[in-house]
Student: 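Starting off with a structure, shown below.
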Amino acid sequence: MASITIRDVRVSYNKRGSYALKGLDLDIKDGEFCVFLGPSGCGKSTAMHCIAGLIHPDTGEIRIGGSVTTSVERREFVPPQERNIAMVFQEYALYPNMTARGNMSFALETKKTPRDEVARQVDKTARMLGIESLLDRKPAELSGGQRQRVALGRALVRNPSVFLLDEPLGNLDAKLREQVRYELKKIQTQMGVTTVYVTHDQTEAMTMADHIVLMKDGEIVQQGAPTELYDRPSHLFVAGFLGTPRINMFDCVIQARDGSLRFNAGDFSIPAPENMEDALRPLLGREVILGARPSDLSIVENGEGDIRGVVDGVEPLGDAYLVYINIGSRVIIVKSAGGSGALSGSLALKASPDRLHVFDKDTEKRIGA
Amino acid sequence: METALDARQKTVMPRTPSTQKALHAAYYALLIVYALFCLLPLWGTLTTSLKTSQAVETTSPLAMPGSPVFVGYRGALEELKTPLLNSLIITAGGALGSVFLGSVCAYALTKFQFRFRGLFYLLLTVAIYLPYQAILIPLFRTINALNLYDTKAGLILLHTVFGMPMCAVMFAGFYAEVPDCVVKQAMIDGSGPWRIYRKVVVPSTKIATMTVLVFQCTSIWNEMLFALIFGAADAMPATIALNNMAGTLAAERNVQMAGSIWLAMPVLALYIILGKYLIRGYMAGSVTAS
Ligand SMILES: Nc1ncnc2c1ncn2[C@@H]1O[C@H](COP(=O)(O)OP(=O)(O)OP(=O)(O)O)[C@@H](O)[C@H]1O
Ligand SMILES: [Mg+2]
């Protein structure tokens, strides 16, 4: 009903001096929950504003539900008020002169929805967001998190063809965040509304998304299902961006020993997985970057491990421990599910070979499957 | 940077109580003298307006009237009734017209991107500093051609047109404080430009409207150049009528003074009623519109 197609969209804020979006190409399927992820300033909000029709791009075309809404070439542009989109701005953008109820009713009133229907919708949404007691307050009388919930409620009361949510939960406390996240995803699935969602929170991205779009400097670095990006990052940047704590990265030289290939990182040397032999053999003697996620390293008996180090510190997470291990020239992080926090002294680590990520040192692109 | 710091340190520097007291006394003495200087004429006007014409001749202008009488006020009102009504209509019309146009203009200039926006802004600013004397003759001919000479409608038109630029620039300052994302949100919520103006921008900047309205009412009420030239007889505003009254020897001084008070009263009332908005209005720039 409302898929979104973006073709070669470029946006410049300074008369084409530099581009905030550098030829964005993206397909979002009908009913899909698409999460934009990326460092601050990479163009997530800009892309969202293009979909909403708040920005005239310099080039490109955007279709919503098959019909062209923005086309620079064909000089077509559907104004935002005719796109039937509901949006939560990063800045909340509450109407300062209206109460929370007024804010949430505004769009429905614009569409001349019957009054009791509006009230019913607003009450229902407010209850879900836990703001029913705040409905008569003006934005100035609300806390940051409360304002954010009003902004979210204002989008949810509508029945749009697309939701654009720019960090809609950023200012909520952990518990509320989880609860609203769950409700939001449920509503979205029920309504089947195509949703674009911006967040900095990886848990949010991983749990809610059908499709993650990871951006950097106005370009898409990788897109796909959450597990795809996590398990097979196509680029060093993706590996570094997804996953907390951050992936451990080592500069290694590929060496051959006894007929098999090994990564030599200086402080240690570990065998390369066999299924990567073909991809790695041409790079023999060259430097690559090896990535191992903290949860893919395990602490083993001193004799068995490939990597040896001394415990530098332990952080309990509740259900697991983060162990900082000094391996000589640097400290690496291991996430140990069981075990105890009383680790100390020297120990050995083992990496799961099929969970290693290898990247080209120059292009930073993934090597092998 | 350094001088600002120095100044701060100086004010914080402890002083002996006696020098401080002397300084305070000097400050207050200065302020009192200044206040007297400003208030004495007003006092004189007030006392004279409450005296009979004999008392005006025989007592000092600053002396209290033995028992206040209102003959002056009655006489002045008799003379100024029609001009005051003219002023009231012209001020209301001119202020509403210029405030409305200025507000719409500022809304477009601050919240929408369009070609030549900068040029429009520049032209508005130029229009504010336009010396009216320079355009008086063409203006006179235009008003004549429109058959609006010596009519209230003519003066309303003039004040609407020439008040608009100042209103627009004042409003633009306030509207710049309304976050752009609020306007964009209203678009997303399905509203066109007019609905956004009526439902979001104007209601969230009430203080701005009050401030500009009071400013504009005061300016038009007190205005004399257009009033003199385009309101010669039938549409004569009170400022001119009062001036004429002061010019003739026939009118007694108590009547003249009472007339001044009559003229000042509406403006005073406006300030008293809307004063609280004004004070907040002047500070609104430093907080935010939201
Ligand atoms: N109105 C603007 N004028 C000029 N430059 C802008 C404007 N808005 C954004 N930019 C620039 O465009 C780039 C992309 O900005 P954008 O707001 O899309 O980033 P973002 O990914 O949403 O970041 P964040 O996560 O911090 O919200 C940034 O470099 C930013 O400085
Ligand atoms: Mg953003």
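These values consider heavy atoms only, across backbone and side chains, with no hydrogens, waters or symmetry-generated copies. Per chain, numbering begins at 1; letters A, B, ... match sequence-line order. All figures in this text were calculated on a predicted structure; none of them were measured in a lab.
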Student: Within the 4.5 Å heavy-atom criterion, are Q185(B) and Y95(A) side-chain neighbours or not?
Tutor: yes
Student: So, applying side chain to side chain contact (heavy atoms under 4.5 Å, CB included) with I188(B), which one of H49(A), R158(A), R154(A) is it?
Tutor: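 Output: one option passes, namely R158(A).
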Student: Filter on ring-ring contact (aromatic ring centres under 6.0 Å, His included), then keep only pairs touching residues 182-201 of chain B, sequence neighbours left out; what's left?
Tutor: Y107(B)-Y197(B), W194(B)-Y197(B)
Student: For G190(B) and T110(A), work out which heavy atoms get closest and say how close.
Tutor: O-CG2, 3.4 Å
Student: More than 12 foreign heavy atoms under 6.0 Å from CD of E117(A): is that the case here?
Tutor: yes
Student: Side chains of Q81(A) and R195(B): is there a donor and an acceptor less than 3.5 Å apart?
Tutor: no
Student: Working note: V182(B) + F89(A), criterion side chain to side chain contact (heavy atoms under 4.5 Å, CB included); need CA distance, chi angles, decisive distance, verdict.
Tutor: CA-CA 9 Å; V182(B) 171; F89(A) 279 73; over 6 Å; no
Student: Mind ranking P203(B), S191(B), G192(B) by heavy-atom pairs under 4.5 Å with chain A and telling me who comes out on top?
Tutor: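 Top option by heavy-atom pairs under 4.5 Å: S191(B).
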Student: Most heavy-atom pairs under 4.5 angstrom with chain B, which of A107(A), G53(A), P79(A)?
Tutor: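 Heavy-atom pair counts peak at A107(A).
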Student: Give the member of A86(A), G102(A), A93(A) that has the highest number of heavy-atom pairs under 4.5 Å with chain B.
Tutor: A93(A)
Student: Has N97(A) got a side-chain atom pairing as donor or acceptor with K199(B)'s backbone, closer than 3.5 angstrom?
Tutor: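 Checked: pair present.
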Student: Please flag which part of K206(B) lies under 4.5 Å from any non-hydrogen atom of chain A: side chain, backbone, both or neither.
Tutor: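 Contact with chain A involves no heavy atom of K206(B) at all.
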Student: I need the contact set between residues 111-127 of chain B and chain A: heavy-atom distance under 4.5 Å, sorted by residue number.
Tutor: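 Within residues 111-127 of chain B, no residue comes under 4.5 Å of chain A, counting heavy atoms only.
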Student: As an exercise, state the distance from OG of S204(B) to CG of L94(A), rounded to the nearest 0.5 Å.
Tutor: 12.0 Å
Student: In Å, rounded to the nearest 0.5 Å, how long is the span from CG of D189(B) to CD1 of I85(A)?
Tutor: 11.5 Å
Student: Check this for me: K124(A), atom NZ, are more than 12 non-hydrogen atoms of other residues, nucleotides or ligands nearer than 6.0 Å?
Tutor: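 No, not enclosed.
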